[in-house]
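Right, one structure below, let's go through it.
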Amino acid sequence: MSQLTLFSPAKLNLFLHITGRANNGYHHLQSVFTAIDFGDTLSFRTSTSQKLVTLIGADELTDDINDNLIVKAVETLAKRYPAYASSVQIILEKHIPTGAGLGGGSSNCATTLIAINELWGLRLSADELIKIGASLGADVPFFIFAHFHKTSAIATGIGEILTAIDLPDCGYLVLLPDEHISTATLFGCDELKRDCPVYSHHALSGANFFGDNALFTNVFTPLVLARSAKVAHAFGYLSNLEHQFGSKTRMSGTGSAVFLPIPYELNDTAINRLIDNAPCPALFARGLY
């Protein structure tokens with residue numbers, strides 16, 4: 001195989017709890033991740049260039065292109081399996097905003113690991129790719145897991161321990177405020193709640209993540225709302241719709257994207273009205289699996 005094009009989906013966190021902190025400073029979390037049908041596209045093809053990776057479409061994402069997780073993914077596989085490595089050209093068609101809590105960089109990294117595994121004929125299993133992905137970013141394993149298992153997932157540990165979970169079909173009204181939230185800053189906040197209880201797989205499998213369930217929240221939401229008027233405005237818009245749809249406004253990851261689950265079908269006119277009235281860019285997505 002000399003070329004390959006793959007969809008690189010965004011994700012939503014239906015809740016995000018911090019359950020503790022390890023001695024090395026890493027935070028333990030529990031979350032439910034779901035991939036959505038909104039995302040980027042990555043095209044890969046083998047190249048005759050002397051350069052290992054030629055990445056097109058990502059110049060503005062990092063100050064140094066070599067810091068991009070797409071490049072790091074290829075380099076990591078090349079270092080581990082030098083006998084299989086060959087030059088590759090990658091074209092990124094970017095739609096997922098950076099700093100939105102939608103996992104764009106992690107998704108691109110995971111998609112690259114999956115594609116290079118095929119292009120180079122490495123024949124690595126999903127579990128092997130997940131271990132490599134965990135070394136590159138905490139959210140990377142989920143996207144690999146979702147790709148191979150076609151499912152949403154419960155995540156624990158630092159995000160690398162994944163268990164499949166079946167979710168009902170649902171739509172999501174997602175708002176994208178023009179705000180970049182620093183994840184490192186939020187994790188360092190003294191007021192961050194770090195002692196959430198750990199829920200069993202059985203409890204989560206029977207949970208209603210789409211209704212107003214106070215048990216399941218995003219611990220970063222109050223921190224972000226207090227620091228960003230743009231996110232607070234978007235959150236307020238969705239909150240005013242909660243009674244109409246019987247669901248609860250949520251924030252994904254460490255923000256800035258916020259979303260409202262829409263648990264039943266809407267026609268295009270109704271969807272467009274919700275998007276047009278939003279105070280910032282918005283989209284309607286559905287769960288990918």
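The analysis underlying the following values was restricted to heavy atoms, covering all of them including side chains, and did not include hydrogens, waters or symmetry mates.
Between the Arg250 side chain and the Phe209 main chain, a donor and an acceptor come within less than 3.5 Å of each other. The closest donor-acceptor contact from the side chain of Ser239 to the backbone of Phe235 lies under 3.5 Å. Under a 3.5 Å cut-off, the side chain of Lys230 and the backbone N or O of Pro177 do not form any donor-acceptor pair. One N or O on the side chain of Glu242 and one on the backbone of Thr249 form a donor-acceptor pair closer than 3.5 Å. In this structure, Ser252 contributes its side chain and Asn13 its backbone to a donor-acceptor pair below 3.5 Å.
Taking a cutoff of 4.0 Å between a charged side-chain nitrogen and a carboxylate oxygen, Glu128 and Arg123 do not qualify as a salt bridge.
Scored by the side-chain contact (heavy atoms from CB on, under 4.5 Å) test, Ala226 finds no partners at all (sequence neighbours excluded). Considering only residues two or more places apart in sequence or on other chains, Asn218 meets the side-chain contact (heavy atoms from CB on, under 4.5 Å) condition with Leu16, Phe220, Thr221, Met251. Residues that satisfy the salt bridge (charged side-chain N to carboxylate O under 4.0 Å, His left out) test with Lys94, not counting sequence neighbours, are Asp40.
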Evaluation steps, side-chain contact (heavy atoms from CB on, under 4.5 Å), between Leu266 and Phe245: CA-CA 11 Å; Leu266 293 179; Phe245 298 107; 3.9 Å; yes

Trace of the side-chain contact (heavy atoms from CB on, under 4.5 Å) decision for Leu77 with Lys79: CA-CA 5 Å; Leu77 290 179; Lys79 288 177 182 178; over 6 Å; no

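The local environment of OH in Tyr26 is sparse, with at most 12 non-hydrogen atoms from other residues, nucleotides or ligands closer than 6.0 Å. When the shell of 6.0 Å around CG of Asp178 is examined, it contains 12 or fewer heavy atoms from other residues, nucleotides or ligands. Open room surrounds NZ on Lys131; 12 or fewer heavy atoms of other groups in view lie less than 6.0 Å from it. When the shell of 6.0 Å around CD of Glu60 is examined, it contains 12 or fewer heavy atoms from other residues, nucleotides or ligands. In Arg227, the CZ atom is crowded: over 12 heavy atoms of neighbouring residues, nucleotides or ligands sit closer than 6.0 Å. Environment of CG in Asp166: sparse, with no more than 12 heavy atoms of neighbouring residues, nucleotides or ligands closer than 6.0 Å. More than 12 non-hydrogen atoms from other residues, nucleotides or ligands lie less than 6.0 angstrom from CZ of Phe7.
Each of Ser31, Ser106, Ser107 was checked for a side chain to side chain contact (heavy atoms under 4.5 Å, CB included) with Asp139, and the lone residue meeting it is Ser106.
Residues Leu192 and Leu186 have side chains not in contact (no heavy-atom distance under 4.5 Å, counting atoms from C-beta outward).
Across every non-hydrogen atom of Leu55 and Asp59, the tightest pair is O-OD1, 4.5 Å.
Within the model, atoms CD of Glu75 and CG of Leu136 stand 10.0 Å from one another, a figure rounded to the nearest 0.5 Å.
With 3.5 Å as the limit, one finds no donor-acceptor pair spanning the side chains of Ser87 and Ser47. Looking only at atom types and distance, the side chain of Thr183 has a donor-acceptor partner in the side chain of Thr254 under 3.5 Å away.
Ring-centre distance between Tyr199 and Phe216: below the 6.0 Å cut-off.
Below 30°, between 30° and 60°, or above 60°: for Phe142 and Phe33 the angle between ring planes is below 30°, a parallel geometry.
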